[in-house]
Amino acid sequence: MDRATAPVKTRRASFLGGERFAVFAESLLTGVWIAVASLGFVTWPAAFAAGARHLRRRVGHEGGGLREFVRDFRTAVRGGWAVGLAGWAAAAAVRVDVLAVRAGIPGGLFVGAVGVLALIGLIVAVLRAAAVWTPGASWRALLADAGRRTVLDPAGSFLIVGGLGVVALSALSVAPLAVPVLGAVAAAAVAVEERRRHR
């Protein structure tokens with residue numbers, strides 16, 4: 001069959017990048033699901049865990065959709081809410097550090113910088129834990145392993161930080177863009193963990 005007689009559907013898939021485009025589009029849709037599931041504030045780790053599991057299923061050509069995402073989210077939130085609460089507590093502590101820097105307290109700049117770096121490290125560790133979450137997994141064990149990977153795999157951690165930077169820039173330029181881009185962050189975390197697993 002020559003190019004002129006190739007089915008339109010095949011040519012269209014080739015033009016759009018086929019599977020890669022489908023995964024990219026799925027990650028953007030997943031970002032919307034993650035954003036909605038994160039509206040409970042303390043539910044953001046569970047939302048990312050469910051989103052990452054959905055993307056792993058999509059890449060593995062397994063079934064899955066919104067119903068499976070919701071089921072995974074409900075399972076992940078049972079222990080994940082405490083992780084989300086701890087994340088917000090850490091963010092509040094860093095805010096106090098930043099206020100100390102602005103007030104000109106001696107040593108405040110150093111404390112503020114350490115606090116911001118620690119918060120970024122914590123967020124990356126949570127995202128790495130969420131990327132490998134499965135039903136029945138202990139969040140405590142996942143976070144302990146993810147913390148080690150965050151330090152021992154700086155290249156992967158910087159990739160996730162880059163994804164978070166894209167979300168922040170999207171929110172600053174056009175706020176609604178930050179919602180679907182959350183799925184790209186989840187996809188980046190999944191890719192980082194897959195890359196490390198296959199090394």
(message) Phe41 vs Leu85, test: side chain to side chain contact (heavy atoms under 4.5 Å, CB included). Steps then yes/no.
(response) CA-CA 8 Å; Phe41 293 105; Leu85 184 61; over 6 Å; no
Are [X] and [Y] connected in the hydrophobic side-chain network, where two residues link if heavy atoms are under 4.5 Å apart?
X      : Y      : result
Val124 : Ile34  : yes
Leu159 : Leu164 : yes
Trp44  : Ile160 : yes
Val126 : Leu119 : yes
Val181 : Ile120 : yes

Taking all non-hydrogen atoms of both residues, which atom of [X] and which atom of [Y] are closest, and how far apart?
X      : Y      : value
Thr30  : Gly51  : CG2-CA, 3.6 Å
Trp139 : Pro45  : CH2-O, 3.6 Å
Ser38  : Thr43  : CA-OG1, 3.4 Å
Ala52  : Ala130 : CB-O, 3.6 Å
Pro176 : Pro180 : O-CD, 3.2 Å
Arg195 : Ala155 : NH2-CB, 3.8 Å

If you measure from [atom1] on [X] to [atom2] on [Y], what distance do you get to the nearest 0.5 Å?
X      : Y      : atom1 : atom2 : answer
Leu117 : Leu122 : CG    : CG    : 12.5 Å
Glu68  : Arg58  : CD    : CZ    : 13.5 Å
Leu182 : Leu177 : CG    : CG    : 11.0 Å
Glu62  : Arg53  : CD    : CZ    : 8.0 Å

(message) Between Asp72 and Arg57, does any side-chain N to carboxylate O distance fall below 4.0 Å?
(response) yes
When you measure from the side chain of [X] to the backbone N and O of [Y], does any donor-acceptor pair fall under 3.5 Å?
X     : Y      : answer
Trp33 : Phe69  : no
Arg56 : Ala131 : yes
Ser27 : Gly183 : no

(request) Carefully, step by step, assess Ser173 and Leu169 under the rule side chain to side chain contact (heavy atoms under 4.5 Å, CB included). (result) CA-CA 6 Å; Ser173 58; Leu169 290 174; 5.7 Å; no
(request) With sequence neighbours left out, write down each residue that passes side-chain contact (heavy atoms from CB on, under 4.5 Å) with Ala137, or none if nothing qualifies. (result) Trp133, Thr134, Leu142
(message) Can you pull out every side-chain hydrogen bond (donor to acceptor under 3.5 Å, both in side chains) where at least one residue sits in residues 121-130? Sequence neighbours excluded, please.
(response)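 Residue pairs with at least one partner in residues 121-130: Arg128-Asp153, Arg128-Ser157, Arg128-Glu193.
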